[in-house]
Every structure is written in structure tokens, then in C-alpha cells.
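Below is one structure, written out as C-alpha cells, with a few remarks after it.
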Amino acid sequence: MTVLVKPQALPDVRVRDFKMLIDGKWVEGVETGTIDRVAPSHGVTVSRYKSATKDDVRQAIAAARKAFDHGPWPRMTAAERSNTLLKAADMISARAEELAYLDAIEAGKPITQVRGEISGSADIWRYAAALARNLHGESYNTLGDGTMGVVLREAIGVVSIITPWNFPFLIVSQKLPFALAAGCTAVVKPSELTSGSTLVLGEILMEAGVPAGVINILVGTGADAGAPMTSHPDVDMISFTGSTGVGRLTMASAAQTLKKVSLELGGKNPQIVFPDANLDEFVDAAVFGAYFNAGECCNAGSRLIVHRDIAEEVTARIASLSEKVKVGDPLDPSTQVGAIITPQHLQKIQTYVSGAAKSGATVAHGGSQIDFGFGQYMAPTILADVKPEMAVAKEEVFGPVLSVLTFDTTEDAICIANSIDYGLSAGVWSRDFDTCMTIGRRVRAGTIWMNTFMDGAAELPFGGYRQSGLGRELGRHAVEDYTETKTLNMHIGRRTGWWMPR
């Protein structure tokens with residue numbers, strides 16, 4: 001059994017109406033179409049957005065282009081931009097509860113979890129503010145008496161930022177502050193399912209003093225708003241987080257005008273567990289890694305690769321702890337697993353589980369949806385006896401589903417870990433340092449956790465290998481990702497040319 005926290009009726013249910021931000025103004029848009037967001041936890045409409053059209057996108061890009069080419073933001077000192085970002089960070093902290101509520105109710109995320117995400121996001125904005133003042137070029141006084149070389153870093157220009165529904169405020173905070181720190185302007189499209197907190201961020205940035213046109217925020221579908229943001233010739237760079245399939249489309253669209261592209265895509269992340277691991281700590285991390293954010297997480301630890309000698313014990317212990325996980329009302333501070341984003345996605349998760357069972361996997365815990373009479377919820381699920389060739393072991397389920405595979409040797413574990421198309425993150429559990437380092441160096445993933453899982457910090461880069469994406473976010477080079485380098489090759493003294501007689 002799983003501990004259920006039945007959602008309570010929403011107090012003072014009212015639909016919050018949002019407009020789009022274009023060129024410093026909150027506008028209705030070219031047409032009057034709207035998008036209603038139904039809370040996945042309660043089944044009632046909680047937000048309504050103006051739905052952007054291609055014309056709205058063109059206006060937003062034109063505003064960003066004008067602000068970059070002629071406005072003050074790229075020409076400010078780094079200190080001035082840094083101070084603006086610090087003001088924004090303070091205002092994020094001041095409005096943290098409002099932001100947390102929006103993400104909790106629109107995405108179905110547990111409120112306690114979202115509060116942590118908002119706090120972490122404010123820290124990222126402060127980190128980006130510090131990096132703004134650390135951005136620098138190079139000089140070369142080693143090229144002979146007649147030459148001096150200088151390498152400049154300049155803001156790349158207009159950036160299209162497209163973010164997903166699973167971490168609405170956190171992921172925009174892993175992109176936008178670094179683009180702004182570099183001096184870029186931006187057009188931002190959050191998911192039409194979870195746009196509220198990003199639009200509030202727009203209010204914050206305007207109040208913090210970001211000039212008109214520097215930040216524009218639209219809500220719309222991928223076809224109407226996302227596609228033109230990736231193909232428009234006045235956009236210089238795309239930063240996209242989402243599914244690998246849409247990432248491919250984004251890259252193909254950007255190729256038509258040779259834009260720079262940063263992609264953070266899917267993952268099917270293994271945790272490799274050796275017999276000498278501290279199993280008490282591992283079991284806790286396994287449950288957390290699989291069920292955090294209801295498993296709707298690109299770096300979820302959804303694939304356990306357990307040594308055969310301990311597989312039965314580990315599976316039983318994880319199942320026992322899973323019974324204590326609290327599932328239900330995202331607005332209850334005790335809830336650990338909230339609602340699934342849409343009914344369609346819940347059906348997709350269930351299809352993976354039933355398909356695995358038909359292929360020979362054993363449902364060791366959960367396996368079905370939870371019916372509260374409204375909203376959509378999935379029980380924390382463990383699948384044992386999973387084989388590497390099964391779909392549930394290779395594809396991103398994006399739900400609270402943990403697959404348990406077994407290995408006999410270190411080489412087996414590495415082979416299984418690297419046998420899929422993704423390479424976002426991985427974990428290794430062993431008391432032996434050599435074992436951890438062997439896994440860390442040979443598993444092809446952007447982040448390897450050793451005797452922990454899903455820790456992070458603004459200072460540490462995040463991104464993946466292979467079909468998990470291109471480029472990295474966060475870390476000390478994050479602002480540089482939004483720049484171009486320019487070489488100034490300067491001649492000193494009289495120049496003589498060989499081709500012209502003197």
C-alpha cells in the first residue's frame with residue numbers, strides 16, 4: 001500500500017488570467033484565443049493564458065532585436081546588469097510563496113518541493129549576477145613587435161528560450177539569467193501547461209529595471225509559437241529543454257539559418273549498485289531518485305542496475321520504503337509525490353507498465369493509477385526482472401516507475417548503462433573508491449553521482465551525452481555560452497607588404 005493524501009477542495013477557487021509580455025507591455029495578442037490550464041491535482045481550471053500566434057512571435061522577436069541592436073542593455077556595464085539581476089533575485093525570494101503555489105497547482109508538484117526549487121532558483125540568479133562581472137576576453141602580447149591580439153566576448157544577440165512543464169521556474173532560471181548577464185535579449189516560451197510562474201517572473205524583471213524589449217514572454221503551442229521562435233532569421237541562438245523528439249525538430253529548424261543551439265533533453269539514468277554499498281543510504285536515494293517530481297524528471301534514477309547477489313534484497317527494501325511514500329494533494333506540505341501532468345501522460349505511463357508486465361517483468365510494487373475522483377495520480381511503481389531490451393528499460397517513461405535490472409561483473413554493469421541512446425546522468429554506489437572511479441570514467445553521461453543521487457549546485461555544469469542534448473547549463477562558463485568570440489588583430493608601427501613594390 002501507499003500512503004494517500006487526499007486533495008482538499010481548493011480554497012477560493014478563481015481563474016487567474018495572464019497576458020503576454022511584448023516590448024515592455026502586457027498585451028492581449030493579435031488574436032483573442034485563450035488556453036485554459038486545468039489543475040492536474042484537482043481537475044478544475046486555475047489559469048487562463050492568451051494564446052500566442054505567429055504574428056505575436058514576430059512582434060516579440062522584433063522587440064528583442066530592436067532592444068539588442070539599439071537599446072541600452074547590451075551596452076551597460078557588467079556591474080549594472082549584475083545589480084539588476086541581484087534585484088530580481090531578491091524579488092524572487094520575496095514572491096517565493098506565490099511562485100511556489102503557481103508551480104504546485106499547475107504542474108501538480110508537491111508544495112514543499114517547489115519551495116525548495118524557488119529558493120534554488122533565486123540562488124542561480126545571484127550566481128549569474130556574479131558571473132556577469134567575471135566575463136572577460138584575452139590578450140596576446142606574444143605575437144612579435146608588430147602585432148597585438150585581443151579576443152573579445154560579445155553577447156550573441158537574440159535568444160529564443162523554450163522551457164518544459166516539469167520544472168517551470170527552475171529551468172527558466174537555468175537559462176535566462178545567464179543570457180541576460182551576457183547582455184542578450186530574449187523571447188521566452190514556457191510550456192502552455194505551466195506558464196504562470198514564468199509570467200510572474202516577467203513582472204519581477206520589469207520591476208527590477210530590465211528595459212523594454214529585453215525580455216518578452218509568450219504562451220502558446222509548439223506549432224504556433226515554438227516553431228517560429230526556432231526558425232526566425234532574427235534569432236541568433238536557441239536554448240531548449242524538453243523531449244529528445246522535439247529537440248531533433250528544434251535542431252533541424254535552427255539548421256536552416258545556422259543558429260547556435262543548446263539542448264537539454266531526455267534521460268534514462270542508471271544507478272549502479274555493488275554488494276559493498278551502504279544499502280541503507282542507497283535505498284533512500286533510490287526511492288527519492290525514482291519518485292521525485294512524480295518521476296517527471298529528465299535525470300530521474302529510473303533504471304537500477306543491481307548486482308545479482310543483492311538484487312532480491314534491494315528490491316524488497318525499496319518496495320518496503322515505497323509503501324511509506326505519501327502521494328496526493330500537492331498543496332499538503334507532507335506530500336512527496338503529486339499529480340501527473342495530464343490524463344494523456346498518465347495513460348502513457350500505464351502503457352509502459354502493462355507492456356513491461358506482458359514482456360516478463362514483475363510488478364513488485366504499485367503498478368496502477370490512484371483514483372481520488374478527480375485529477376490524475378500514479379502509484380509509485382517498481383518493476384523487477386526487467387531485461388535491457390525491454391522498452392521500459394530503454395525509453396523515458398517520465399513517471400514514478402523504477403525498473404530493476406541485474407549484473408554480474410563491472411563490465412556487465414558498464415555495458416548495460418551505456419547500452420541506450422541517452423547519457424544525461426548516472427549514479428554508482430560502492431564503498432570502494434576504485435570501483436566508483438571506474439564507473440565514473442567509463443559510463444557516458446554528463447553527471448555521475450557517487451554514493452548520492454540528484455544533488456546539484458549552480459557551480460556545477462549540467463547536460464548530457466548523445467541524445468540527452470548538446471551543451472551545458474550552469475557552471476562558471478554558463479554566461480560564455482551566450483556569447484560570441486571576436487578577434488582583434490592589431491598592427492603596431494609601419495606595415496610592409498610583400499606583394500607591392502616599394
Side-chain angles (χ1 to χ4, degrees), residues 2 40 107-109 164-167 191 193 241-247 264-272 285-306 315 318-319 322 325 327 336-370 376-406 416-417 419-427 445 453-454 464 466-469:
T2 296
K109 299 162 70 76
W165 47 260
N166 57 333
F167 291 91
S191 167
L193 300 177
T241 295
S243 71
T244 296
V246 178
E264 199 274 282
L265 307 175
K268 189 67 178 177
N269 313 290
Q271 292 206 62
I272 302 172
V287 171
F288 168 72
Y291 306 145
F292 175 72
N293 208 56
E296 298 170 325
C297 184
C298 58
N299 60 341
S302 59
R303 208 168 38 124
L304 288 193
I305 303 175
V306 186
T315 302
I318 293 173
S322 296
V325 172
V327 181
Q336 295 164 298
V337 175
I340 302 300
I341 190 71
T342 63
Q344 296 79 11
H345 189 61
L346 176 60
Q347 181 59 49
K348 175 186 173 184
I349 295 168
Q350 291 182 302
T351 298
Y352 272 109
V353 173
S354 61
K358 291 176 183 177
S359 298
T362 302
V363 179
H365 185 270
S368 61
Q369 72 180 79
I370 297 170
Q376 56 269 348
Y377 295 83
M378 182 73 187
T381 297
I382 302 168
L383 298 173
D385 305 313
V386 174
K387 304 302 181 186
E389 63 272 13
M390 292 180 182
V392 76
K394 298 188 298 182
E395 300 172 12
E396 193 173 34
V397 177
F398 231 59
V401 178
L402 180 62
S403 297
V404 182
L405 300 87
T406 59
I416 295 170
S419 66
I420 61 171
D421 295 330
Y422 298 111
L424 187 58
S425 63
F453 200 77
M454 220 184 288
R466 295 177 289 183
Q467 294 190 33
S468 286

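All values reported here derive from a predicted model rather than from experimental measurement.
- Note that CE of M378 is 8.5 Å distant from CD1 of I370, once rounded to the nearest 0.5 Å.
- Taking both residues in full, the closest heavy atoms of F453 and A300 are given as CE2-C, 4.1 Å, listed atom of the first, atom of the second, then distance.
- When all heavy atoms of I340 and A294 are compared, the closest pair comes out as CD1-CB, 4.0 Å.
- Side chain of E396 to backbone of K268: no donor-acceptor contact under 3.5 angstrom is found.
- A distance-only check finds no donor-acceptor pair linking the side chain of R466 to the backbone of G423 [under 3.5 Å].
- Between G267 and L424, the shortest heavy-atom distance links the atoms CA-CB, 4.2 Å.
- Judged by distance alone, with hydrogens and angles left aside, the side-chain atoms of R303 form a donor-acceptor pair with the main-chain N or O of A417 at under 3.5 Å.
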**Prompt:** Can V397 and S302 be said to form a side chain to side chain contact (heavy atoms under 4.5 Å, CB included), step by step?
**Reply:** CA-CA 8 Å; V397 177; S302 59; over 6 Å; no

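- Looking at S468, its side chain does come within 3.5 Å of a backbone N or O of G266 through a donor-acceptor pair.
- For the pair E296 (side chain) and N166 (backbone), a donor-acceptor distance under 3.5 Å is absent.
- Among residues at least two apart or in separate chains, ring-ring contact (aromatic ring centres under 6.0 Å, His included) pairs with a member in residues 376-400 are W165-F398, F372-Y377.
- The side-chain contact (heavy atoms from CB on, under 4.5 Å) check on T241 picks up P164, I171, K175, E264, E473, with sequence neighbours excluded.
- Note that the OG atom of S419 and the CD1 atom of I305 stand 7.0 Å from one another [nearest 0.5 Å].
- V327 is not listed as a side-chain neighbour of Y291, based on a closest heavy-atom distance of 4.5 Å or more.
- Rounded to the nearest 0.5 angstrom, H365 NE2 and L402 CG are separated by 11.5 Å.
- Rounded to the nearest 0.5 Å, atoms OH (Y352) and CD (E395) are 3.5 Å apart.
- Shown here for A285 and Q271, the closest heavy-atom pair between the two residues is O-NE2, 3.8 Å.
- In this structure, P40 and A107 approach most closely via the heavy-atom pair CG-C, 3.7 Å.
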**Message:** Evaluate N293 against K109 for side chain to side chain contact (heavy atoms under 4.5 Å, CB included), listing each step before the verdict.
**Reply:** CA-CA 6 Å; N293 208 56; K109 299 162 70 76; 2.6 Å; yes

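- The minimum heavy-atom distance between A426 and A445, with the atom names listed, is N-CB, 4.3 Å.
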Please list, one pair per line, the donor and acceptor atoms closer than 3.5 Å that link side chains of residues 379-394 to other protein atoms, with sequence neighbours excluded.
unit_1 : atom_1 : unit_2 : atom_2 : d
T381   : OG1    : G367   : N      : 2.8
T381   : OG1    : A379   : O      : 2.8
D385   : OD2    : T362   : OG1    : 2.6

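- In this structure the side chain of Q336 never reaches within 4.5 angstrom of the side chain of F288, judged on heavy atoms.
- For the atom pair CG (L304) and CD1 (I318), the distance works out to 4.5 Å, reported to the nearest 0.5 Å.
- Note that the CG atom of N269 and the CG atom of N299 stand 6.0 Å from one another [nearest 0.5 Å].
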**Request:** Start with the C-alpha distance between Q344 and Q347, add both sets of side-chain angles, then the distance that settles side chain to side chain contact (heavy atoms under 4.5 Å, CB included), and finish with yes or no.
**Result:** CA-CA 5 Å; Q344 296 79 11; Q347 181 59 49; 5.7 Å; no

